[in-house]
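The block underneath contains the structure these notes are about, expressed in structure tokens.
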Amino acid sequence: FAMTARIENDTDLMGMRAAGRAAASVLEMIGEYVQPGVTTEDLDRRCHDFIVKDLGCIPAPLNYGGGGGQMPFPKSICTSVNHVVCHGIPSPSKKLKNGDAINIDITVIKDGYHGDTSKMFFAGEPSVMARRLSKITQECMYKGIEQVRPGARLGDIGYAIQRHAESNHYSVVREFCGHGIAKVFHDDPQVLHYGRPGTGVVLEAGMSFTIEPMINAGKRHIKILPDQWTAVTKDHKLSAQWEHTLMVTTDGYEIFTLRGEEDFG
Ligand code: MF3
Ligand code: CO
Ligand code: CO
């Protein structure tokens, strides 16, 4: 059974910092290649080679899953374009066009520790709507992170995210959540992106997990495509996602996957 992911000692802390930095560096590397005309397969190839050759890490998504008759994930990163909510599979037939919004989700394993992070990119010039959804979704993630400290509850995180999304007339995807992460990719606890304040698991220093809200411009409902992975909005309206890996510290949080461009954390 799954255990709650925990940073137990200095080895764990150094390991998670290194894994988080490595994952963040992939997102920093790939930005300049997100352009009209590039395929999501091209982006996968570049990230795969960087992760393996430059970072000496393992891309965790490659061959992940596959329990219960599901096809294992066939690529090294997730690329989720426009109305794709998450787990988009890179493909040579998916060519980005001007204005496309794409979430690139990177998970690396370094010395047995996982760093998991994603952000939104745009190919060329996005619509005002796409830019706004992406910005509000990033704010949702930050508002969730700001709740993190010992004694706070998981419901406080979910509530902060849901409140910001819904007050902007967006909806929160319920089928996927943040997760405990350290030596195991998807561990307990489940970090819901909606909820009620003062409810759920009480946070303690040392717990490590992701916060990764998926926010829809339209209704919250999703469906899974026949490839068994790709989640899309039922109404085919836009979806956005941002993700960080972090831990609870004695007085707040430490984000392991912070990038240089962020003025947060
Ligand atoms: N990185 C995703 C997450 O945030 C999980 C991807 S699993 C995959 O949890 F198999 F789809 F790659
Ligand atoms: Co994750
Ligand atoms: Co991820």
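For ligands, and for the atoms within them, numbers begin at 1 and follow the listed sequence.
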- Message: Does the residue F185 have a heavy-atom contact with ligand 1, meaning some pair of atoms that are separated by less than 4.0 Å?
- Response: yes

- Query: Can you tell me the protein heavy atom closest to atom 4 (O) of ligand 1 and the distance?
  - Reply: E212 OE1, 2.7 Å

- Any donor-acceptor N/O pair, Q147 side chain to G144 backbone, under 3.5 Å: no

- Counting from 1, what ligand 1 atoms have a heavy atom of W229 closer than 4.0 Å? 8 (C), 10 (F), 11 (F)

- Would you check, one step at a time, whether the test side-chain contact (heavy atoms from CB on, under 4.5 Å) holds for L154 with V191? CA-CA 7 Å; L154 283 180; V191 182; 4.2 Å; yes

- Message: So for T210, does at least one of its heavy atoms come nearer than 4.0 angstrom to any atom of ligand 1?
- Response: no

- Do E254 and L246 have side chains that get closer than 4.5 Å, going by heavy atoms? no

- Item | From N82 atom CG to D100 atom CG, the distance as rounded to the nearest 0.5 Å | 4.5 Å

- Item | Any side-chain donor near an acceptor of the partner, S80 and N103, under 3.5 Å | no

- Message: Can you confirm whether the side chains of D12 and Y113 place a donor and an acceptor under 3.5 Å from each other?
- Response: yes

- Can you check the number of protein N/O/S atoms within less than 2.8 Å of the Co ion (ligand 2)? 4

- Item | Atom CZ of R46: over 12 foreign heavy atoms under 6.0 Å | no

- For E41 and T39, test the side chains for any donor-to-acceptor distance below 3.5 angstrom and give the result as yes or no. no

- Item | Under 3.5 Å: N/O of Y64 near N/O of ligand 1 | no

- Is there a salt bridge (charged side-chain N to carboxylate O under 4.0 Å, His left out) between K135 and E139 once you walk through the steps? CA-CA 6 Å; K135 175 173 178 284; E139 289 169 3; 2.8 Å; yes

- Query: What atoms in ligand 1 come closer than 4.0 Å to a heavy atom of T107?
  - Reply: 1 (N)

- Message: Checking contacts here: is it the side chain or the backbone of D116 that comes within 4.0 Å of ligand 1, counting heavy atoms only? Could be both or neither.
- Response: side chain

- H87 neighbourhood, listing ligand 1 atoms whose heavy-atom distance to it stays under 4.0 Å: 5 (C), 6 (C), 11 (F)

- Query: Out of curiosity, is C78 lining ligand 1, as in a heavy atom under 4.0 Å away?
  - Reply: yes

- Query: Can you tell me if E166 and Y170 form a side-chain donor-acceptor pair at under 3.5 Å?
  - Reply: no

- Message: Whether the side chain of S134 engages the backbone of A130 through a donor-acceptor N/O pair (distance < 3.5 Å, no angle test) should be reported.
- Response: no

- Note on the structure: shortest atom 2 (C) of ligand 1-to-protein heavy-atom contact is with D105 OD2, 3.3 Å

- Item | CG on D235 to NZ on K223, rounded to 0.5 Å | 10.0 Å

- Under 4.0 Å from any heavy atom of P61, which atoms of ligand 1 are there? 12 (F)

- Proximity flag H186 to ligand 1, non-hydrogen atoms under 4.0 Å: yes

